[in-house]
Amino acid sequence: MAQSLQLFTAYNRSPNHTLPKRATYSETKQFLPATSSRRFPVTVFPKLTIQASSSSSSSSSSDLESSSSSSPVLVNDNGTGGVLSGATALATYASATSTAAAVTDSSSIEVDSVTEAELKENGFRSTRRTKLICTIGPNTCGFEELEALAVGGMNVARINMCHGTHQWHRNVIKRVRRLNEEKGYAVAIMMDTEGSEIHMGDLGGAPSAKAEDGEIWTFSVRTYESGQPEHTINVNYDGFAEDVKVGDELVVDGGMVRFEVIEKIGPDVKCKCTDPGLLLPRANLTFWRDGSVVRERNAMLPTISSKDWLDIDFGIAEGVEFIAISFVKSADVITHLKSYLAARSRDSDIGVIAKIESIDSLKNLEEIILASDGAMVARGDLGAQIPLEQVPSVQQNIVQLCRQLNKPVIVASQLLESMIEYPTPTRAEVADVSEAVRQRADALMLSGESAMGQYPMKALTVLRSVSVRIEKWWRDEKQYDPMELPDIGSSHSDNISEEICSSAAKMANNLGVDALFVYTKTGHMASLLSRCRPDCPIFAFTSTTSLRRRLNLQWGLIPFRLSFSDDMESNLNKTFSLLKARNLIKSGDLVIAVSDMLQSIQVMYVP
Ligand SMILES: Nc1ncnc2c1ncn2[C@@H]1O[C@H](COP(=O)(O)OP(=O)(O)O)[C@@H](O)[C@H]1O
Ligand SMILES: C=C(OP(=O)(O)O)C(=O)O
Ligand SMILES: [K+]
Ligand SMILES: [Mg+2]
């Protein structure tokens with residue numbers, strides 16, 4: 001297959017290639033009632049009594065008609081229909097997406113063509129559980145590129161407010177929304193704030209500048225009206241010249257270029273290049289003294305700057321699903337933002353993701369994660385603030401803590417950095433991706449690889465195929481360590497939900513069921529199931545498209561939009577008939593269903 005070929009052709013990379021050795025960073029049929037012999041109701045109510053389910057009633061024929069008439073026909077490379085391999089999805093995306101239809105009426109179910117194809121081809125148990133995030137930049141902002149990314153498995157599109165204008169970001173959001181509406185995808189939008197980081201200016205419009213060994217460069221807080229002199233870099237932080245000392249090490253982009261401070265002249269800081277490399281516009285700057293990162297007055301800068309507040313208002317107005325906050329230092333800022341969001345965005349529920357990328361965030365890790373709706377291991381800046389060799393253990397700790405606290409966690413930055421320039425990843429990068437998948441992080445994120453790299457689709461394909469392969473490997477080999485999941489709920493009802501989900505997940509593993517079904521109004525039960533990381537996929541049914549998108553960040557959840565009632569019996573009947581109409585399930589499949597309206601566990605074969 002194309003994908004396995006691609007992973008192995010890396011050997012063909014010429015040892016004499018002329019590219020730089022180090023990649024630069026920056027940059028349904030009628031429903032038939034169930035036969036009682038094939039069904040085992042295990043309904044658990046809050047008082048924990050066992051109730052047998054009554055026999056089911058058939059769903060209305062209008063459900064069936066609307067569903068089957070809108071069922072998309074998928075075409076594979078050979079045009080024989082019905083198959084779209086995970087590995088060949090990219091090659092066939094045009095045919096798949098051109099025939100896929102989004103369905104939004106109340107009697108139908110909404111799922112996208114890619115999920116549908118994956119379920120049909122590989123069966124439930126082989127669907128990808130790890131979610132994929134792509135940063136959108138100049139190389140991926142067009143409708144066709146965004147569509148190719150969605151077909152390639154993008155679950156969340158990230159926009160980085162460090163770059164671009166509101167109009168640019170608005171256009172990207174509109175295109176993603178159009179894609180969701182027209183093709184039935186549930187791609188969520190994550191807006192990432194700039195934060196009060198120290199970074200360089202725009203290089204006077206140049207795409208990059210090369211700093212050579214021993215060259216003297218001036219870093220200055222001055223703004224140059226009539227063009228920037230040669231070897232001069234503008235710095236955005238007013239206190240820069242006062243805070244640095246002669247002898248400090250100035251680190252660009254976490255170590256891609258290094259300078260030593262040799263002289264201070266008013267607002268100008270003269271520096272000698274000690275590690276040559278490419279300077280990119282708005283690159284991040286840190287300065288180090290005696291082996292640790294210096295945090296002078298910049299430590300006092302607000303986590304959410306006035307510019308960030310304007311960007312947050314923009315995110316609210318555009319209805320983004322997630323806002324990721326850069327350089328979080330404490331839980332207060334998250335709590336404050338959450339109350340601001342609650343007051344401003346009445347209907348929508350925007351998730352706040354805390355980016356763990358500073359020493360302060362590590363000191364207050366648990367309270368920050370508890371206050372947030374998720375966390376990101378932002379290894380780019382984190383690796384510029386703590387010694388690099390500490391990053392892997394910190395990553396593992398954050399991933400574990402997030403799962404224990406039931407918060408989705410993203411592993412970000414440099415996963416496939418070399419693919420910014422090369423069509424194949426390094427073995428080390430594949431091992432890094434595998435490790436994040438083995439740790440069972442909720443999501444993996446591409447930054448420069450998808451924003452401005454030369455091979456965004458190939459990078460996404462690598463993430464997808466490595467994820468699927470590693471997940472299957474540890475399911476087959478039982479490679480993963482079971483994790484102790486503490487009670488996290490604050491009420492007895494919460495504890496019941498947790499017990500139901502962990503029991504349902506355990507039953508699912510022991511019985512080898514095909515899928516877990518969860519009917520959820522708030523997403524809570526879905527996330528509790530995801531937290532258990534069961535062996536089978538979790539079909540999460542929710543009645544709103546916004547919640548469907550938001551669930552798309554979490555491990556193992558396949559979100560569907562479906563109108564449902566408080567009557568589990570009729571929900572299940574409706575779901576079975578709709579899914580059967582689309583050949584997504586078949587008679588005899590074993591399913592365990594839970595819901596957050598009725599605290600119950602039902603085990604049943606699809607009639
Ligand atoms: N909206 C955008 N417009 C232009 N370039 C972008 C945009 N988003 C990302 N990029 C480019 O992709 C690179 C990698 O993205 P990311 O890691 O999110 O940013 P950063 O390098 O600032 O941390 C950026 O350095 C920038 O060159
Ligand atoms: C994801 C990160 O943040 P940004 O790309 O915004 O610097 C990071 O630092 O790893
Ligand atoms: K950012
Ligand atoms: Mg960062």
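For the numbers below, each heavy atom of this structure counts, side chains included, while hydrogens, waters and symmetry mates do not. Remember, it's 1-based here, ligands and their atoms both numbered in the order they're listed.
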| query | Below 4.0 Å from any atom of ligand 1, is there a heavy atom belonging to Arg158? | reply | yes
| Min heavy-atom dist Leu280 to ligand 1 below 4.0 Å | no
| Per-residue contact class, Ile136 against ligand 1 - non-hydrogen pairs under 4.0 Å | backbone
| query | Is the distance from the Mg ion (ligand 4) to some N, O or S atom of Glu357 under 2.8 Å? | reply | yes
| Mind checking whether Asp192 has a heavy atom under 4.0 Å from ligand 1? | no
| message | Could you check whether any heavy atom of Gly380 sits closer than 4.0 Å to an atom of ligand 1, since that is the contact criterion I want to use? | response | no
| 4.0 Å heavy-atom contact, His169 with ligand 1 | yes
| said: For Glu389, I'd like to know if atom CD has over 12 heavy atoms of other residues, nucleotides or ligands within 6.0 Å. | reply: yes
| query | Judged by modelled atom types alone, do Asn552 and Lys131 share a side-chain donor-acceptor pair under 3.5 Å? | reply | yes
| said: Quick check on Lys210: does its NZ atom have over 12 non-hydrogen neighbours (other residues, nucleotides or ligands) under 6.0 Å away? | reply: yes
| query | Between Asp192 and Ser326, does any side-chain donor sit less than 3.5 Å from a side-chain acceptor? | reply | yes
| query | In terms of side-chain heavy atoms, does Arg379 have a donor or acceptor partner in Gln414 at a distance below 3.5 Å? | reply | no
| field | Apex the K ion (ligand 3) - arms OD1 from Asn160 and O from Thr193 - angle rounded to 10° | value | 110°
| From Leu460, Val433, Val466, residue fulfilling side chain to side chain contact (heavy atoms under 4.5 Å, CB included) relative to Leu444 | Val433
| request: Output yes if Met161 passes the N/O/S-under-3.4 Å test against the K ion (ligand 3); output no otherwise. | output: no
| Is the closest side-chain donor-acceptor distance between Asp311 and Thr193 under 3.5 Å? | no
| For ligand 1, which atoms, with element, lie under 4.0 Å from some heavy atom of Ser447? | 17 (O)
| remark: Looking only at non-hydrogen atoms, the one of Ile420, Thr140, Asn139, Asn160 nearest atom 19 (O) of ligand 1 is Asn160
| Neighbour count above 12 (heavy atom, 6.0 Å) for Asp290 CG | no
| request: Before signing off on this row, confirm whether His163 and ligand 1 have an N or O atom pair separated by under 3.5 Å. | output: yes
| request: Give the name of the N/O/S atom in Asp192 that lies closest to the K ion (ligand 3). | output: OD1
| query | So which of the N, O or S atoms of Asp381 lies nearest the Mg ion (ligand 4)? | reply | OD2
| request: Assess the side chains of Arg403 and Gln400: does a donor N or O sit below 3.5 Å from an acceptor N or O? | output: no
| note | In ligand 1, the atoms that come under 4.0 Å of a heavy atom of Ala451 are 9 (C), 10 (N), 12 (O)
| note | Counting from 1 in the order shown, the ligand 1 atoms closer than 4.0 Å to a non-hydrogen atom of Trp168 are 1 (N)
| task | Please determine, by modelled atom types, if Arg548 and Asn180 share a side-chain donor-acceptor pair under 3.5 angstrom. | result | no
| task | Enumerate the atoms of ligand 1 whose separation from the nearest heavy atom of Thr135 is less than 4.0 angstrom. | result | 18 (O)
| query | Is the closest side-chain donor-acceptor distance between Glu194 and His199 under 3.5 Å? | reply | yes
